[in-house]
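Here's the structure, in structure tokens; my notes come after.
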Amino acid sequence: MLKQEHLLIDGKLVPAASGRVFETINPATEDVLGTAADAGVEDLDAAIGAARRAFDTGTWATDPAFRATCIRQLRDALVEAAEELRATTVAEVGAPVMLTYGAHQEGPVADLGWAADLAESYEWVTDLGESEVMGIKSRRYTRRQPAGVVGAITPWNFPHQINLAKLGPALAAGCTVVLKAAPDTPWCATALGQLIAEKTDIPPGVVNVITSQDHAIGAMLSTDPRVDLVSFTGSTSTGRAVMRSAADTLKKVFLELGGKSAFIALDDDKLGEAMGFAGFSGIVHAGQGCALTTRVLLPRSRFDEGVETLAATLEALGAGDPADPGTVCGPVISARQRDRIEGFLTRAREAGATFVTGGKRADRDKGFFIEPTLVVGVDNTAEIAREEVFGPVLTAIPYDSVDHAVEIANDSDYGLSGAVYGADVQRAQDIAARLRTGTVGVNGGLWYGADVPFGGFKQSGIGREMGVAGFEEYTEIQSVAVPAGS
Ligand code: NAD
């Protein structure tokens with residue numbers, strides 16, 4: 001049975017030192033599910049101290065085989081707890097249950113196996129051969145070392161995916177971690193802490209899990225001198241704050257931030273198919289995905305036709321109960337988030353936009369539901385086309401030529417993801433190569449995977465999560481030279 005009101009600090013499941021708790025809410029029903037420990041400064045201090053000790057003493061940082069064993073234990077414990085965890089994920093996150101079989105739960109759990117394998121197979125040492133500098137002949141090599149204590153700060157939209165995509169590679173690399181979960185989804189993190197404490201041999205202090213309703217706890221994690229690296233996923237504005245507060249101690253910062261990604265539908269006989277895909281992939285999980293393609297670019301001559309098919313797709317999907325296996329678009333996480341989305345819609349209307357479909361709360365008694373919405377009548381300069389709405393809201397924009405489409409797609413402060421869809425796959429890939437984004441899906445291809453680096457250009461972030469590149473973010477390079485021949 002998953003317990004809910006504890007932190008994991010130095011191997012022990014403990015309440016907040018203050019005894020304080022805070023409520024976690026079901027976004028589909030507005031019911032209070034229960035409470036979580038509300039960590040304060042004292043708890044964070046203890047967690048960072050434990051992570052520091054676990055890194056500096058003991059063998060965690062130097063024993064990849066043991067780390068691989070522990071990561072697999074965690075994966076297996078998460079698999080064993082899958083149904084209880086699924087219920088928590090649907091209730092707390094409002095995650096459509098169908099997605100818990102993929103990116104919302106089972107995918108990232110399985111990906112821990114990839115991280116464990118990498119801990120074992122990774123070539124920690126790279127031979128650079130011999131060289132002679134100023135008459136001194138040396139044999140050189142590089143050795144990858146773990147970066148140290150990681151402060152991992154995560155958002156609420158895909159809690160398991162993001163918590164585990166940080167934890168798996170950081171542990172595989174030999175780091176120790178203080179994980180600070182988002183205030184809206186504490187129980188997803190609490191479950192992780194409990195399973196680590198009860199079902200794995202991960203030594204005390206190697207992973208510490210903190211839940212708190214106070215955002216300042218995240219800020220403290222990014223200033224504390226005992227933390228070597230901050231791995232942050234969240235909004236671009238908070239990312240800036242993290243980078244600023246990490247500057248005093250010159251921590252490595254690794255940032256996965258927001259996006260406003262474009263979907264380019266080419267002018268050919270795949271346009272209808274493209275709009276079916278764009279509708280699904282734009283509003284899945286109520287649009288609460290940083291990499292969702294929320295700007296749909298259509299050839300001007302076929303704009304009305306594309307918009308009609310896209311609107312029909314959104315209407316067919318609708319917004320529904322996340323526990324229903326057919327639901328693609330559930331609730332948004334909170335009343336605060338719903339109000340924020342409604343603010344965007346009001347301002348878009350005032351700026352002359354029209355809603356082909358949606359544009360308001362879904363007709364349900366309870367829960368934070370917004371109807372899947374299609375906005376037209378604005379160009380790429382409008383707020384609704386530039387800012388991350390983080391709701392089930394797509395903006396369709398006409399383009400005049402492929403060059404124009406690429407120009408619109410790249411005309412964004414963000415550079416996280418994108419999509420191109422057309423009859424000629426090679427042509428679509430050539431267009432994809434012109435996008436200034438960290439990932440691109442062509443004709444429905446899915447780039448998501450444990451071995452695929454994910455991250456953003458421009459203000460969508462710094463660094464890559466997942467893949468070997470993501471693992472290496474949690475390492476430092478030590479270059480070594482010894483006399484040649486020795
Ligand atoms: P957020 O930025 O408000 O919060 C994220 C986390 O940062 C939370 O744990 C929060 O408590 C903490 N935090 C808040 N203020 C802080 C501060 N000053 N210093 C340190 N930590 C602080 O984001 P959110 O609303 O929880 O999540 C939604 C955002 O996350 C969206 O913008 C979305 O695009 C982004 N996101 C990005 C990715 C990605 O990989 N690029 C993935 C998922 C979500």
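In each ligand, atom 1 is the first atom listed, and ligand 1 is the first ligand listed. None of these values were measured; they are calculated from a predicted model. We number each residue from 1, following the sequence as shown.
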Ranked by distance from atom 35 (C) of ligand 1, the top protein heavy atom is G234 O, 3.0 Å
Applying a heavy-atom cut-off of 4.0 Å, say which part of I217 lies close to ligand 1: side chain, backbone, both or neither.
neither
Suppose I only count heavy atoms of V242 and a 4.0 Å limit; which atoms of ligand 1 are within that range?
19 (N), 20 (C)
protein heavy-atom neighbour closest to atom 27 (O) of ligand 1 works out as P155 CB, 3.2 Å
Do D184 and R336 sit within salt-bridge range, that is, some charged N less than 4.0 Å from a carboxylate O?
yes
Going by an N to O cut-off under 4.0 Å, is there a salt bridge joining E476 and R144?
no
Is I162 touching ligand 1 with its side chain, its backbone, both, or neither, if touching means heavy atoms under 4.0 Å apart?
side chain
How about F390 and W156: are their ring centres within less than 6.0 Å of each other?
yes
Closest to atom 41 (N) of ligand 1 among protein heavy atoms sits L257 O, 2.4 Å
Donor-acceptor side-chain pairing of T437 and S417 below 3.5 angstrom
no
Tell me whether T236 has any N or O atom under 3.5 angstrom from an N or O of ligand 1.
no
Within the 4.0 Å heavy-atom shell around H215, which atoms of ligand 1 are there?
10 (C), 11 (O), 13 (N), 14 (C), 15 (N), 16 (C), 22 (C)
Under 4.0 Å from a heavy atom of I153: give me the atoms of ligand 1 that qualify, with their elements.
6 (C), 7 (O), 9 (O), 12 (C), 20 (C), 21 (N)
May I ask you to identify, for F390, whether its side chain, its backbone, both or neither come under 4.0 Å of ligand 1 on a heavy-atom basis?
side chain
By number and element, which atoms of ligand 1 are closer than 4.0 Å to a non-hydrogen atom of T233?
5 (C), 36 (N), 37 (C), 38 (C), 39 (C), 40 (O), 42 (C), 43 (C), 44 (C)
For ligand 1, which atoms have a heavy atom of L416 less than 4.0 angstrom away?
41 (N)
Closest to atom 38 (C) of ligand 1 among protein heavy atoms sits C290 SG, 2.8 Å
Side chain to side chain donor-acceptor pair (under 3.5 Å) between Q213 and R20: does it pass, once the steps are laid out?
CA-CA 10 Å; Q213 62 179 336; R20 280 199 310 267; over 6 Å; no
Within ligand 1, which atoms have a heavy atom of N157 less than 4.0 Å away?
43 (C), 44 (C)
Within the 4.0 Å heavy-atom shell around S235, which atoms of ligand 1 are there?
1 (P), 2 (O), 23 (O), 29 (C), 30 (O), 32 (O), 35 (C)
Return yes if a side-chain donor-acceptor contact under 3.5 Å exists between T381 and D379, otherwise no.
yes
For a quick check under 3.5 Å, do H160 and T89 share a side-chain donor-acceptor pair by atom type?
yes
Distance-only donor-acceptor check, side chains E92 and T185, under 3.5 Å:
no
Are more than 12 heavy atoms from other residues, nucleotides or ligands located less than 6.0 Å from atom CZ of R72?
yes
Any donor-acceptor pair under 3.5 Å linking the side-chain atoms of Y122 with those of E472?
yes
Among G455, G218, P183, which one has a heavy atom closest to atom 20 (C) of ligand 1?
G218
Assess the side chains of S460 and K458: does a donor N or O sit below 3.5 Å from an acceptor N or O?
no
Any idea which part of E388 is under 4.0 Å from ligand 1, heavy-atom wise: side chain, backbone, both or neither?
side chain
I want to know if ligand 1 touches W156 in the polar sense, i.e. an N/O pair below 3.5 angstrom.
yes
Closest to atom 6 (C) of ligand 1 (judged by heavy-atom distance), picking from T238, T211, T154
T154
Suppose I only count heavy atoms of F454 and a 4.0 Å limit; which atoms of ligand 1 are within that range?
39 (C), 40 (O)
With under 30° as parallel and over 60° as perpendicular, where do the rings of Y474 and F254 fit, or are they tilted in between?
perpendicular
With sequence neighbours excluded, give me every ring-ring contact (aromatic ring centres under 6.0 Å, His included) pair touching residues 83-113.
H104-F158, H104-H285
With a 4.0 Å heavy-atom cut-off (strictly under), which part of A216 contacts ligand 1: side chain, backbone, both or neither?
neither
Can you check whether K180 has an N/O within less than 3.5 Å of an N/O in ligand 1?
yes
